Amino acid sequence: DGGITQSPKYLFRKEGQNVTLSCEQNLNHDAMYWYRQDPGQGLRLIYYSQIVNDFQKGDIAEGYSVSREKKESFPLTVTSAQKNPTAFYLCASSLTGAHTEAFFGQGTRLTVV
Amino acid sequence: EDQVTQSPEALRLQEGESSSLNCSYTVSGLRGLFWYRQDPGKGPEFLFTLYSAGEEKEKERLKATLTKKESFLHITAPKPEDSATYLCAVNNAGNMLTFGGGTRLMVKP
């Protein structure tokens, strides 16, 4: 089955620790994105990548880092510099960088304990 | 700055009671308006893309329409399984998506 896989579904982190969220897609899409969703709010763009080995900051990139070494993979690292990391994180991909019909993964819920 | 406002924030309907969700937007160079459905704890599921004013698209009990300032998602004779949060987003000339806050729809049997 083609799709986007995020793992893990739930993640707990101690304050001061970095943590990496996985996102893999087998749709052969060029573009991939990371969003953050807080309760009752819309999605906010963290980082996006339109092609392998290239990525750009979104609206709320501070405290996050990404890499795009392979077309299929776009991992997100939440660093200790992120002041309020507890949130629902969503990865998406689209055929091109024009955000056309972006398809989303099932999300990772990160909780800082 | 692009803005997307969805209303109402929450909507309760009886099964079979038709209604509409609103998505008002201001964007620099619209390249598409998207509707998504999101169930609790899940990722958004793509529903529709609209590109120009006057365009309409339908899927089962849902119909999306677009004007130069807003989009409507019409729900005809909704069923309890239509309960979800519906998200609207716009794609601008810079190929960036801006999302609204969503409308949480609850359909009671």
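Predicted model, so just to flag it, every value in this text is computed and none were measured. Chain A is the first sequence line, chain B the second, and so forth, proteins listed ahead of strands; every chain is numbered from 1.
In the hydrophobic clustering of ILVMFWY residues, with side-chain heavy atoms under 4.5 Å counting as a link, Leu66(B) and Leu62(B) come out together.
Phe46(B) and Glu101(A) make their closest contact through CZ-CG, 3.5 Å (heavy atoms, listed as atom of the first residue, atom of the second, distance). Scanning both residues, Leu43(A) and Pro44(B), for their nearest heavy atoms gives CD2-CG, 4.3 Å.
Annotation: Glu62(A), atom CD; neighbour count of heavy atoms from other residues, nucleotides and ligands within 6.0 Å does not exceed 12. Residue-environment remark: NZ (Lys71(A)) exceeds the threshold of 12 foreign heavy atoms within 6.0 Å. Remark: Glu9(B) CD is loosely packed, at most 12 non-hydrogen atoms of other residues, nucleotides or ligands lying under 6.0 Å away. At most 12 heavy atoms of other shown residues, nucleotides or ligands fall within 6.0 angstrom of atom CD in Glu15(A).
With a 4.5 angstrom heavy-atom cutoff, Gln38(B) touches chain A only via side-chain atoms.
Side-chain contact between Leu97(B) and Tyr33(A): absent, with no pair of heavy atoms (C-beta onward) separated by less than 4.5 Å.
A distance of 9.0 Å separates CD in Glu45(B) from CD in Gln106(A), rounded to the nearest 0.5 Å.
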